[in-house]
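Here's the structure, in structure tokens; my notes come after.
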There are 2 protein chains.
Amino acid sequence: MKLSTRGRYGLKAIYQLALYYGQGPISLKQIAIEQELSENYLEQLFSTLRKEGLLHSVRGAQGGYMLSKKPSEITVGEILRALEGNIAPYDCVVDDDFVCSREDTCVTRPVWVKIKNSIDEVIDSITLQDMIEENIKFEEQEDER
Amino acid sequence: MKLSTRGRYGLKAIYQLALYYGQGPISLKQIAIEQELSENYLEQLFSTLRKEGLLHSVRGAQGGYMLSKKPSEITVGEILRALEGNIAPYDCVVDDDFVCSREDTCVTRPVWVKIKNSIDEVIDSITLQDMIEENIKFEEQEDER
DNA sequence: GGAAAACCCAGTGAAATAGTTGGGATTAGA
DNA sequence: TCTAATCCCAACTATTTCACTGGGTTTTCC
């Protein structure tokens, strides 16, 4: 029941973009260095995020990536779903093509539904802006010591 | 972010044991047939659940497994954790041995913590008894149609 | 024109998952 | 006492998923 590195790395990387919001395109290389991630791998993640409409890209020299919306308008849920697909303990609660011969009598399904709903509630309520603010608060507390 | 078959099969199987609670030991074979699972594989899961104290076993002919507590005293959380380990999106929020060089400055950790807490809240609040009752209610609704 | 960047996509090695197999040990009942 | 039912345990294997890597193309700035 773990997220893969796609979701984890992707969120870290897009957080970094959020910090630079409004400052023009940032190169993959810079993000990869700042968050200690593989540049090539990150490229795949950003490609996905771009196709999902969360990022804009600028090609050519001095190009790079930027958020397509304000940090307060992008939720963790959108990011994780773009990178990992629906976040749920089992496909039977999300995948329309999923065939379950005993869907109507499955005794565990209600449990999976409840877990999914509670995760959704959390990730859809956190925006990149929230993450930035939480981090600022945390750093201030550190400084006080 | 999916559960493995261990958690899924295990919960189905132990639910079946809950239905027979108070009726003495039930054989693996019977459970395997009723929930359409591999008997040998199920054995591994029950072995784990026994070691965790959730099941009792009776060896020999006419032996089998039974719940070690009332269905109302066993939660889904106990079962899933026994079979899958801690349920969390990332090891950094559960594993004491986990080494994270940037734990204090990690911007994503608060997100993982919130997800974990919300999952825990759900799975620790559902007992086997709850599952049985939910299923009875569902069947009654079906009958009305 | 050259360098820097995004873009595209196929391949790969390692690890995890989902079982299977085979052989014991124990016990109830005939 | 014998036998069949059953739990117990460890090793083995096939498949899938993951986390990259590499090689090439295209675009744009200087």
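Throughout, protein chains are lettered first and strands after them, A, B, ... in sequence-line order, and every chain is numbered starting at 1. Because the structure is predicted, anything quoted here is derived from the model rather than measured.
B:Phe46 comes within 4.0 angstrom of nothing in the nucleic acid, heavy atoms only.
Note that the first and last nucleotides of DNA chain C, 5' to 3', having any atom under 4.0 angstrom from a heavy atom of chain A are C:dA4 to C:dA10.
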Show me, pair by pair, the donor-acceptor contacts under 3.5 angstrom made by side chains of residues 54-63 of chain B, not counting sequence neighbours?
none

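Applying the side chain to side chain donor-acceptor pair (under 3.5 Å) test to A:Asn86 and every residue at least two apart in sequence or in another chain returns nothing. Not a single ring-ring contact (aromatic ring centres under 6.0 Å, His included) links B:Tyr21 to another residue, sequence neighbours left out. By the salt bridge (Lys or Arg N to Asp or Glu O under 4.0 Å) test, A:Lys70 pairs with no residue at all, sequence neighbours left out. For A:Glu84, there are no salt bridge (Lys or Arg N to Asp or Glu O under 4.0 Å) partners two or more places apart in sequence or in a different chain. Under the side chain to side chain donor-acceptor pair (under 3.5 Å) criterion, B:Glu121 pairs with no residue, sequence neighbours left out. Not counting sequence neighbours, the partners of A:Tyr90 by the side chain to side chain donor-acceptor pair (under 3.5 Å) test are B:Arg8. Applying the ring-ring contact (aromatic ring centres under 6.0 Å, His included) test to A:Phe46 and every residue at least two apart in sequence or in another chain returns A:Tyr65. Contacts of A:Lys114 classified as side chain to side chain donor-acceptor pair (under 3.5 Å), with partners at least two apart in sequence or in another chain: B:Glu134.
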Query raised in the report: Can you give one letter per nucleotide of nucleotides 19-30 of chain D, going 5' to 3': B for a protein heavy atom under 4.0 Å from the base, S for sugar-phosphate only, - for none?
Result: SBBB---BBBS-

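Checked by atom type and distance alone, the side chain of B:Asp120 never pairs as donor or acceptor with a backbone atom of B:Asn117 at under 3.5 Å.
Residues of residues 47-57 of chain B having a heavy atom closer than 4.0 Å to DNA chain C: none are found.
B:Glu39 has its CD atom 13 Å from the C1' atom of D:dC8, to the nearest Å. For the pair B:Asp91 CG and D:dC18 P, the computed distance is 15 Å after rounding to whole Å.
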